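What follows is a short report on a single structure.
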2 protein chains.
Amino acid sequence: MGLPCHLSTAPDAIMRYVMKLSELGEFGLIAAINDTINKSRVASQPSWQKLVTGIGDDAAAWQVKNSLQLATTDSLVQDVHFDLDTITWEELGWKALAINLSDIAAMGGIPRYALVSLFLPGELETENVLDFYRGMMRLAGNFGVAIAGGNISRASYIITSIALLGEAQDNTLLKRSTASVGEQIAVTGYLGLAAGGLKMLRQKIALEDTAASTLRQGLFLPAPRINEGQTLVSRGVKTAIDISDGLVADLYHICDASNVSAVIRTDMVPTHLTVQACFPDYLNLALYGGEDYELLFTAGSDTVERVRHDLNCPVTVIGEITKKEGTAAVKLTNSKGETVLGEQRGWEHFKNGRYDSPLS
Amino acid sequence: MGLPCHLSTAPDAIMRYVMKLSELGEFGLIAAINDTINKSRVASQPSWQKLVTGIGDDAAAWQVKNSLQLATTDSLVQDVHFDLDTITWEELGWKALAINLSDIAAMGGIPRYALVSLFLPGELETENVLDFYRGMMRLAGNFGVAIAGGNISRASYIITSIALLGEAQDNTLLKRSTASVGEQIAVTGYLGLAAGGLKMLRQKIALEDTAASTLRQGLFLPAPRINEGQTLVSRGVKTAIDISDGLVADLYHICDASNVSAVIRTDMVPTHLTVQACFPDYLNLALYGGEDYELLFTAGSDTVERVRHDLNCPVTVIGEITKKEGTAAVKLTNSKGETVLGEQRGWEHFKNGRYDSPLS
């Protein structure tokens with residue numbers, strides 16, 4: 001397993017990082033990586049100087065002449081993020097691109113080019129892989145994305161890894177770090193479909209056709225909020241994130257980055273009607289399920305009102321940004337203002353698994 | 001396994017693609033994917049219009065205002081491209097970035113930003129992952145590359161997938177498709193170290209320290225020819241590729257893209273002295289081994305002479321571009337002009353495996 005690395009590192013590093021990834025968790029690992037990069041980078045180099053947002057937002061952004069370039073990358077791993085018993089190859093192609101488009105949407109940007117890396121077993125049928133591209137191309141065509149290149153490697157199971165490049169509108173970005181006390185917290189669309197769809201498929205729950213197909217579409221064919229993100233930017237919103245890890249988890253990301261806290265009224269969370277109708281625990285699915293790829297944003301009430309008027313999708317105010325006391329926290333309350341439910345954040349790699357995975 | 005895809009496709013597609021990836025091979029699959037993308041893309045969209053090179057060159061290139069942006073992506077898969085018995089984590093970090101830098105070098109470009117995606121088992125020690133970043137940052141610092149973002153996912157074995165973004169010098173690119181009959185074929189540096197290093201490690205061949213360390217460095221710490229690629233562009237060279245699949249295989253890529261053939265004088269191939277000293281089959285290692293990450297380029301003899309004068313590394317003329325008769329071909333000759341050796345192209349995913357892989 002290579003060098004006995006911990007012997008060659010500084011004492012504080014030994015104290016922090018002699019632990020397995022499964023103990024540290026995804027977000028702890030990202031913090032440790034960020035720290036390592038910051039210690040070893042040559043900050044005076046032009047690329048670092050022109051980097052506007054790096055690790056820690058939905059997408060990276062840097063200045064090229066008088067435009068702001070965006071880049072993001074996201075992956076789907078077989079038996080971690082999907083299984084081939086339930087998703088079709090066309091849906092997989094759509095979703096692999098959609099999760100990246102959603103990151104560009106969360107920056108309010110314009111998507112342009114994709115690099116598509118696939119890791120595939122040799123015994124796959126070629127037509128399956130081509131169906132993957134057909135599904136991806138349908139979504140790419142909707143948003144003017146060109147497939148500029150990619151890479152194919154052999155592996156024992158399927159992984160998709162797409163890098164998506166884009167551009168900011170008018171050099172302006174939606175960030176995670178700009179929420180301020182007193183702002184309203186709002187969300188586009190309805191929540192819980194993806195988590196409901198996953199629950200239906202994993203637990204083989206029989207539902208009537210319309211409900212089943214709505215849930216399946218929510219899980220496998222999410223519609224990234226590209227146009228909505230651009231409208232948010234143009235109407236003066238500064239802070240947004242896409243809901244991939246879960247409403248509460250992603251609100252934590254905003255609170256951590258902005259150094260604030262938040263309070264949500266759970267009775268105002270816009271759970272999708274199909275989810276309400278099919279699942280007694282619908283509120284949990286909406287709060288913690290993730291993969292809805294709606295936009296969660298904060299802004300003053302006038303701005304939210306303007307956005308609500310101009311968007312072609314529902315916009316629901318669900319809470320308010322509050323002053324941070326101690327650590328950043330997301331408090332959930334009912335209609336009477338009473339605190340409800342325990343603290344739970346959402347999806348985290350190395351600590352959670354959505355699928356019954358054979359992986360360690 | 002998803003939809004019965006072949007039922008829903010056109011008859012010609014049925015005839016071509018009812019086969020497994022292991023039968024079709026990496027390059028056949030890339031051609032089929034390219035075909036699928038071309039049939040389903042909306043060619044009138046601005047992103048497609050501004051795409052200067054897409055699939056089929058070392059990196060993609062597109063116009064952003066008056067500059068030419070470059071992007072490439074390449075991956076390392078555990079037990080396909082490396083194993084942890086031989087490579088250290090720092091070396092893995094260096095190499096994961098180096099193979100991408102080499103693609104930018106082959107375009108004559110300036111590297112700027114990297115997005116780093118890692119797929120990792122939960123039982124890994126955190127310090128190993130941080131050592132990966134330390135190795136990568138050493139190389140990134142050498143060439144002014146900033147780590148702009150990335151993604152971490154859980155998986156059962158290690159995969160690195162880096163997307164590297166850059167910029168063309170003076171809006172000019174080195175391409176694969178511009179070789180013309182009568183041009184000289186030249187190569188930077190010396191060949192065969194990576195293949196020799198792999199052979200030494202796989203076959204546990206005991207060599208004296210200096211040789212062993214030279215071979216190991218060639219395999220695990222390749223030095224991408226970024227500065228040399230930029231010099232080629234500025235001295236008027238139009239055609240280049242980096243040697244990743246192997247000298248012969250990569251020359252085939254140039255011949256296929258440029259619609260020409262080539263003849264190489266095997267006695268002129270600059271095999272590294274250490275490889276010559278350690279391996280009786282040194283010429284095969286230099287011709288077919290791959291992973292040398294030297295630049296292979298074609299140009300008129302005056303241009304080659306100018307480049308040779310201006311570069312700080314060896315430049316060796318090894319042959320000539322010839323007229324294509326029938327299919328593109330790379331002919332190998334000895335010093336008397338007699339054809340030698342059989343036809344063999346080099347590394348291809350799904351058909352080859354460098355390591356004793358447990359993968360299918």
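Order of the sequence lines sets the chain letters (A, B, ...), proteins ahead of strands, with each chain counted from 1. Here the structure is a predicted model, which is why all the values come from computation and not from measurement.
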*Under 4.5 Å, counting heavy-atom pairs only, tell me which of Gly54(A), Ser117(A), Gly144(A), Ala140(A) racks up the most with chain B.*
Gly144(A)
_For Asn34(A), which atoms come within 4.5 Å of any heavy atom of chain B: side chain, backbone, both, or neither?_
neither
*Between Glu26(B) and Ile152(A), what is the shortest heavy-atom contact and its length?*
OE2-O, 3.8 Å
*Any idea which heavy atoms bring Leu29(A) and Thr126(B) closest together, and the distance?*
CD1-CG2, 4.0 Å
_Which atoms of Thr72(A) are under 4.5 Å from chain B, going by heavy atoms: the side chain, the backbone, both sets, or neither?_
backbone
*Between CD1 on residue Ile147(B) and CD1 on residue Ile37(A), distance to nearest 0.5 Å*: 5.5 Å
*asked:* Ignoring hydrogens, what is the shortest heavy-atom contact between Leu21(A) and Pro121(B)? Give both atom names and the distance.
replied: CD1-O, 3.7 Å
*Measuring heavy-atom distances to chain B, does Glu91(A) have an atom under 4.5 Å in its side chain, in its backbone, in both, or in neither?*
neither
_Euclidean distance, Lys39(B) NZ relative to Arg134(A) CZ, rounded to 0.5 Å_ = 7.5 Å
_Rounded at 0.5 Å granularity, tell me how far CZ in Arg112(A) sits from CD in Gln45(B)._
10.5 Å
*What is the distance from atom OH of Tyr133(A) to atom CG of Asp35(B), rounded to the nearest 0.5 Å?*
13.0 Å
*Between Val116(A), Val129(A), Leu51(A), which shows the greatest number of heavy-atom pairs under 4.5 Å with chain B?*
Leu51(A)
_Taking every non-hydrogen atom, the tightest pair across Ser156(B) and Tyr157(A)_ = N-OH, 2.8 Å
*Under 4.5 Å heavy-atom distance to chain B, tell me which part of Leu76(A) shows up: side chain, backbone, both or neither.*
neither
*Using non-hydrogen atoms and a 4.5 Å limit, figure out which bit of Phe132(B) sits close to chain A: side chain, backbone, both or neither.*
neither
*Option that, when pairs with chain A are counted at under 4.5 Å, heavy atom only, ranks first among Met137(B), Arg41(B), Glu167(B)*: Met137(B)
*At their closest point, which heavy atom of Lys20(B) faces which heavy atom of Glu125(A), and how far apart are they?*
NZ-OE2, 3.4 Å
*asked:* Out of Asp74(A), Val42(A), Asp57(A), return the one with the most heavy atom pairs under 4.5 angstrom to chain B.
replied: Asp74(A)
*How about Lys50(A) and Tyr113(B): do any of their side-chain heavy atoms sit closer than 4.5 Å?*
yes
*So how far is it from Ser161(A) OG to Ile162(B) CD1, rounded to the nearest 0.5 Å?*
10.5 Å
*asked:* Only pairs of heavy atoms separated by less than 4.5 Å count here; which of Leu92(A), Thr36(A), Val145(A), Leu130(A) has the most with chain B?
replied: Leu130(A)
*Atom CG of Leu165(A) and atom CG of Leu115(B): how far apart are they, to the nearest 0.5 Å?*
7.5 Å
*For residues Ile55(A) and Gly149(B), report the shortest heavy-atom separation together with the two atoms involved.*
CG1-CA, 3.8 Å
_I want to check something: taking the side chain as every heavy atom from C-beta on, are Ser153(B) and Val80(A) in contact at a cut-off of under 4.5 Å?_
no
